[in-house]
Amino acid sequence: MPVTQSSQSPVATEALAESAFLLAARGEPVPHTPVWFMRQAGRSLPEYRAIREGITMLESCMRPDLVVEITLQPVRRYGVDAAIFYSDIVLPLKAVGVDLEIQPGVGPVVASPVRSAADLAAVRPVTPADVSYITESVQELKAQLGGTPLIGFAGAPFTVASYLVEGGPSKDHAKTKALMYSDPSLWHALADRLADVAIAYLSIQIEAGASAIQLFDSWAGGLSARDYARFVQPHSAKVFAALEQYGVPRLHFGVNTGELLGLMSEAGADVVGVDWRVPLDEAVRRIAAAGGSPKPVQGNLDPALLVAGWESIEPEIDRILAEGKAAPGHIFNLGHGVPPTADPEVLHRVVKAVHAKSTTRA
């Protein structure tokens, strides 16, 4: 039987409100710089590989017992300041009947790509009944996590659309860009539909107990600022505006988006994720230049350094913590996801170092 939000104790509720992650996301003083890692729940952990053996990615995302266990694994091992819900950005599409699979070593592959107005019929709104396993998983996680926040997430309209249009992962998104220019009406209809999917999917997670949400626009960095502003920003803005009513922090992240940081912030994010290519203090400047005031930021250790040795990692932690002081709030993270070759002990050491160094400097 799912555990309801009301079952959480008053002590846990108070601890959650005062968690370092949520304080930083709100730009409030923190006891230490909070840390979590994108893709912390997954392939770098031996316990994850063991529990996933013989089970497909999408199947594991639809089983509450596995979702709960996999989400909790890095919280136990690393002592991170937030959990990230274990799922995949294409899961809502699968839930509404889009014929797709996540192929090992490839990624999401769509059987019938969206290339015409008629193809839009395959993408319908998500309802709670479509993803009852999400509600059950989030409720159980909220009960078990206590004072540790749970971050829900979804794919942004552009990134999800790129999978649908290309039929799978793409390095240049050529078909997607061609659709934008050749049939802008169809593009905006598709992106608007996907904004509605993201809104519904994120609302379900928040209403079940997620303390914050992150909108992943993983492939937006392949666009010029002009194209982003014209074809993408309005649809991401629709998602953020619809979620404002919940009062939870809204995070936004994309890879190679240094030239888009101001526009991504203007879309409505409360916290802007920064990959490793742009120093955090420069990112803060770009965000403030676009919106008139700085915002909390998240990032941005280069994931490749996790295999470079501690003598290379520690100075980068010091640099990032120093640069992060330019923002009203800083959430330490990687500049992208945990690579599968990462040593879990190194990640644990990063968490301990960030906590110790930032507490000392407080």
Side-chain angles (χ1 to χ4, degrees), residues 24-25 33-40 44 84 89 107 153 155-156 158-159 162 169-173 176-177 214-229 231-233 236 251-267 269-291 294-309 311-342 346-347 350 353-354:
T33 299
V35 191
W36 73 279
F37 304 114
M38 287 179 282
R39 292 183 185 159
Q40 67 187 16
S44 65
I84 178 73
I89 63 172
F153 75 91
F158 171 77
T159 290
S162 72
S170 170
K171 293 182 179 180
D172 57 14
H173 313 290
T176 308
K177 294 178 182 179
Q214 178 156 302
L215 191 67
F216 282 90
D217 214 348
S218 306
W219 308 133
L223 298 170
S224 67
R226 178 179 178 275
D227 285 349
Y228 178 88
F231 294 112
V232 177
Q233 189 191 50
S236 293
L251 291 72
H252 202 11
F253 175 75
V255 183
N256 202 16
T257 53
E259 299 303 316
L260 306 178
L261 290 172
L263 291 168
M264 293 177 73
S265 174
E266 285 182 328
D270 300 305
V271 181
V272 181
V274 184
D275 77 5
W276 68 93
R277 296 172 177 85
V278 179
L280 288 182
D281 50 358
E282 171 60 16
V284 172
R285 186 194 68 77
R286 295 182 188 185
I287 292 164
K295 286 185 176 182
V297 294
Q298 179 175 275
N300 67 341
L301 182 69
D302 188 339
L305 294 181
L306 294 174
V307 296
E311 65 280 1
S312 299
I313 297 171
E314 188 169 25
E316 289 299 289
I317 292 175
D318 292 333
R319 176 184 64 81
I320 292 165
L321 287 174
E323 292 170 356
K325 289 184 176 181
H330 174 213
I331 299 165
F332 193 98
N333 207 312
L334 303 179
H336 196 199
V338 175
T341 55
V346 171
L347 287 163
V350 169
V354 171

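Partners of His336 according to the ring pair (Phe, Tyr, Trp, His ring centres under 6.0 Å) rule, which considers only residues two or more places apart in sequence or in another chain, do not exist here.
Between the side chain of His252 and the backbone N or O of Leu215, at least one donor-acceptor pair lies under 3.5 Å. Checking side-chain atoms of Thr33 against main-chain N and O of Val354 turns up no donor-acceptor pair under 3.5 Å. A donor-acceptor pair under 3.5 Å is formed between the side chain of Asn300 and the backbone N or O of Val278. Not a single donor-acceptor pair under 3.5 Å links the side chain of Lys295 to the backbone N or O of Ile287. Listed for the His330 side chain is a donor-acceptor partner under 3.5 Å among the backbone atoms of Gly299.
The minimum heavy-atom distance between Tyr228 and Ala267, with the atom names listed, is OH-CB, 4.4 Å. Here the closest heavy-atom approach between residue Met38 and residue Gly335 is recorded as CE-C, 4.4 Å. Across all their heavy atoms, Lys177 and Gly222 have their closest contact at NZ-O, 2.8 Å. The two residues Leu260 and Ala225 come nearest to each other via the heavy atoms CD2-CA, 3.5 Å. Across every non-hydrogen atom of Pro296 and Ala327, the tightest pair is CA-CB, 4.4 Å. Taking all atoms of both residues into account, the shortest heavy-atom contact from Leu306 to Ile313 is CA-CD1, 4.0 Å.
Taking the ring centroids of Phe216 and Phe153, they lie under the 6.0 Å cut-off.
In this structure, CZ in Phe231 is found 9.5 Å from CG in Leu223, a value given to the nearest 0.5 Å. In this structure, CG on Asp281 lies 10.5 Å from CZ on Arg286, to the nearest 0.5 angstrom. Expressed to the nearest 0.5 Å, how far OG of Ser236 lies from CE of Met264 amounts to 7.5 Å. If you take CG on Asp275 and CZ on Phe253, they are separated by 5.5 Å, rounding to the nearest 0.5 Å. Distance check, rounded to the nearest 0.5 Å: CD of Glu266 to CG of Leu263 gives 5.5 Å. To the nearest 0.5 Å, the span separating CG on Asp270 from CG on Leu251 amounts to 7.5 Å.
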**Message:** Evaluate Thr257 against Asp217 for side-chain contact (heavy atoms from CB on, under 4.5 Å), listing each step before the verdict.
**Reply:** CA-CA 9 Å; Thr257 53; Asp217 214 348; over 6 Å; no

**Item:** From CA spacing to verdict: side-chain contact (heavy atoms from CB on, under 4.5 Å), Leu347, Gln40
**Value:** CA-CA 9 Å; Leu347 287 163; Gln40 67 187 16; over 6 Å; no

**Stepwise side-chain contact (heavy atoms from CB on, under 4.5 Å) check, Leu301 with Phe332** = CA-CA 8 Å; Leu301 182 69; Phe332 193 98; 4.1 Å; yes

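Side-chain contact between Val350 and Phe37 is present, with at least one heavy-atom pair separated by less than 4.5 Å.
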